[in-house]
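Throughout, a chain's letter reflects where its sequence line sits, starting with A, and its residues are numbered from 1.
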Amino acid sequence: MYGVYTLFSKEVLRFWKVAFQTVLAPVITALLYLVVFSHVLEDRVKVFEGVDYTAFLIPGLMMMSVIQNAFANSSSSLIQSKVTGNIVFLLLTPLSHFELFIGYIAAAVVRGFTVGAGVFLLAVFYVQVPVHSVVVIIGFAILSSGVLAVMGVIAGIWAEKFDQLAAFQNFIIMPLSFLSGVFYSIHSLPPFWQTLSHFNPFFYMIDGFRYGFFGQSDMAIEVSFLVVVTALVVLSTLTLALLKSGYKLRA
Amino acid sequence: MAADPAVSIENLHKRFGALHALKGIDFSIGRGEFFGLLGPNGAGKSTLINCLAGLVRPDSGRLSVMGHDVVTQYRRTRRLLGVVPQELVYDPFFQVREALQFQAGYFGLGKENNDWIEELLITLNLADRATTNMRALSGGMKRRVLIGQALVHKPPVVVLDEPTAGVDVELRQALWRFIKRLHSEGHTIVLTTHYLEEAENLCERIAILDHGAAVALETKSELLARGICRSLHIFASHKIETLPDQIRAKVQYINGHSMALRLRKDKDSIVSVLDAIRDAGIDIIDIQVEEDKLEDVFVQLTGERDERGV
Ligand SMILES: Nc1ncnc2c1ncn2[C@@H]1O[C@H](COP(=O)(O)OP(=O)(O)O)[C@@H](O)[C@H]1O
Ligand SMILES: [Mg+2]
């Protein structure tokens with residue numbers, strides 16, 4: 001147990017030591033989006049009944065920050081350890097594949113959570129956001145950052161170079177998170193794009209998370225919950241198998 | 001259980017694609033032994049060590065540490081092993097003491113282990129660097145931190161993969177002293193090296209690996225006895241000019257008043273060689289016999305000269 005805790009604290013300390021880049025910078029990015037988009041689109045985009053567009057934006061931007069940073073944490077830590085070779089310090093220890101998994105995921109969830117909370121704390125100065133259910137908000141934040149943390153572990157194990165990881169980030173994580181309804185309600189999209197959005201798991205993360213604030217969403221909250229949990233279970237199972245096999249970690 | 005050897009290797013095979021890196025290695029290392037694993041670059045020394053450490057997965061064969069299988073009982077064996085990797089790796093995010101504390105933590109050791117970490121810092125001469133970032137250390141210091149990381153959990157079997165490669169003479173001596181001390185305190189030491197001088201100075205028993213196979217496994221003295229040649233240096237009162245043919249064939253060099261002959265231990269008798277030289281009218285004033293060193297045995301066995309030409 002103490003072994004996992006050590007890995008977790010090391011991983012947290014790793015991003016916290018450079019919190020300027022790993023926490024503050026993404027918070028500021030999200031706030032810039034908020035200011036720009038709300039200013040430009042305030043009167044043009046119709047979202048939920050009785051919900052102000054700027055307020056609507058906040059959960060989306062929070063969730064986008066949460067998932068991007070959870071992914072960044074586990075993937076960048078792993079690829080750095082692999083490239084510099086210091087991954088051996090972990091591989092030489094009695095830590096099991098399950099313990100390695102928990103250590104990396106938990107720290108990435110904390111990073112996602114911290115950035116998300118940072119966005120919220122600063123955004124509420126800008127606009128009033130209702131809170132419908134704290135449990136749903138925290139639950140979706142944890143589950144979604146968990147999914148992305150697991151994806152980060154997969155990407156970190158798979159990638160051999162930083163540019164491969166960047167490709168994963170730029171061609172999978174970024175488009176899926178931007179097209180998941182951060183800036184709009186999918187009901188405002190043409191039918192084709194609406195249908196397509198239903199295949200994007202990130203859409204359910206943001207939609208469920210948004211329900212926690214407004215008590216309304218595009219999908220039923222149960223559906224979103226089920227999709228996110230399923231994604232977490234499936235991807236975790238895959239990742240545990242990868243870690244257990246030693247794929248790309250143990251020659 | 002107490003009788004189990006420190007390390008036992010049975011018919012170990014490892015392939016990297018088409019490369020057969022370990023071709024059925026078979027030997028064991030006794031508890032408390034100072035064991036040397038020698039071989040030219042690419043012989044498979046690190047691969048063997050990494051199989052033991054769990055960094056490389058063997059294709060077949062069995063490896064155990066104090067009777068515990070390294071694959072099925074890896075939690076036990078990794079606690080028993082302290083491995084100093086060959087590459088000078090470090091985590092640039094952390095300071096020296098942090099690196100040691102995290103490493104101990106992975107083994108489940110918390111604050112109760114801090115005294116030992118402080119002791120390690122002192123022994124490894126790193127105490128004044130405890131709060132220095134790993135990035136800012138010299139190569140020699142990084143090497144010492146690696147050794148410290150391998151010892152944080154007080155493992156009975158210490159494996160060092162080329163610990164003195166690329167370190168200066170002074171640090172090499174210091175590391176030798178330190179490793180000798182670990183050995184005298186009861187640790188089993190497994191050292192890979194391609195500095196033959198190092199193996200000759202330190203190791204009790206030696207395995208020589210070449211192209212993935214063990215070409216010798218003996219005590220140091222047995223191995224040295226395998227040297228089939230020795231050198232005979234002769235110093236004469238006059239310039240050496242004429243020599244009988246059977247002697248001329250053995251000459252390594254002639255340099256004025258002195259010369260060196262290369263003699264086979266099994267065939268050439270020193271006495272008759274000296275007689276023949278005296279009969280040729282050479283007045284011998286001194287002789288010196290030089291037994292082959294480990295390096296020469298090594299060259300005979302592997303057919304390769306150490307690239308650094310120790
Ligand atoms: N991970 C790996 N993938 C492919 N080939 C490897 C790997 N590790 C080692 N080798 C090859 O196996 C052989 C033995 O290497 P190694 O065990 O490092 O030798 P040594 O430590 O004796 O110098 C070399 O030819 C090396 O290139
Ligand atoms: Mg090597």
Any donor-acceptor pair under 3.5 Å from B/Arg78 side chain to A/Leu92 backbone
no
Does A/Lys17 reach the main-chain N or O of B/Phe93 with its side chain, forming a donor-acceptor pair under 3.5 Å?
yes
Working to the nearest 0.5 angstrom, can you tell me the gap between [X] [atom1] and [Y] [atom2]?
X        : Y       : atom1 : atom2 : answer
A/Leu95  : B/Arg75 : CG    : CZ    : 7.5 Å
B/Tyr106 : A/Leu7  : OH    : CG    : 5.5 Å
B/Gln101 : A/Lys10 : CD    : NZ    : 14.5 Å

Just checking [X]: does its [atom1] atom have more than 12 heavy atoms from other residues, nucleotides or ligands closer to it than 6.0 angstrom?
X        : atom1 : answer
A/Lys161 : NZ    : no
A/Phe162 : CZ    : yes
A/Phe225 : CZ    : no
A/Trp16  : CH2   : no
B/Phe27  : CZ    : yes

Of the non-hydrogen atoms in [X] and [Y], which two are nearest, and what is the gap between them?
X        : Y        : answer
A/Phe89  : B/Tyr90  : CE1-CA, 3.9 Å
B/Arg57  : A/Tyr247 : NH1-N, 4.3 Å
A/Ala251 : B/Phe16  : CB-CE2, 4.1 Å

Choice from [options] maximising heavy atom contacts with chain A below 4.5 Å:
options                              : value
B/Ala53, B/Pro85, B/Ala104, B/Gly108 : B/Gly108
B/Leu55, B/Val56, B/Leu88, B/Thr77   : B/Leu55
B/His153, B/Arg76, B/Gln149          : B/Gln149

Spell out the residues in residues 100-111 of chain A that have some non-hydrogen atom less than 4.5 Å away from a non-hydrogen atom of chain B, in order of number; otherwise answer 'none'.
none
From CA spacing to verdict: side-chain contact (heavy atoms from CB on, under 4.5 Å), A/Val88, B/Glu87:
CA-CA 10 Å; A/Val88 297; B/Glu87 307 297 331; over 6 Å; no
Contacting moiety of A/Val18, where chain B heavy atoms sit under 4.5 Å
side chain
Where does A/Ser96 contact chain B at under 4.5 Å (heavy atoms): side chain, backbone, both or neither?
both
One pair to check against side-chain contact (heavy atoms from CB on, under 4.5 Å): B/Asn50 and A/Arg250. What are the steps and the verdict?
CA-CA 9 Å; B/Asn50 291 341; A/Arg250 301 183 198 267; over 6 Å; no
Decide yes or no for B/Tyr74 and A/Pro94: does some side-chain heavy atom of the first lie under 4.5 Å from some side-chain heavy atom of the second?
no
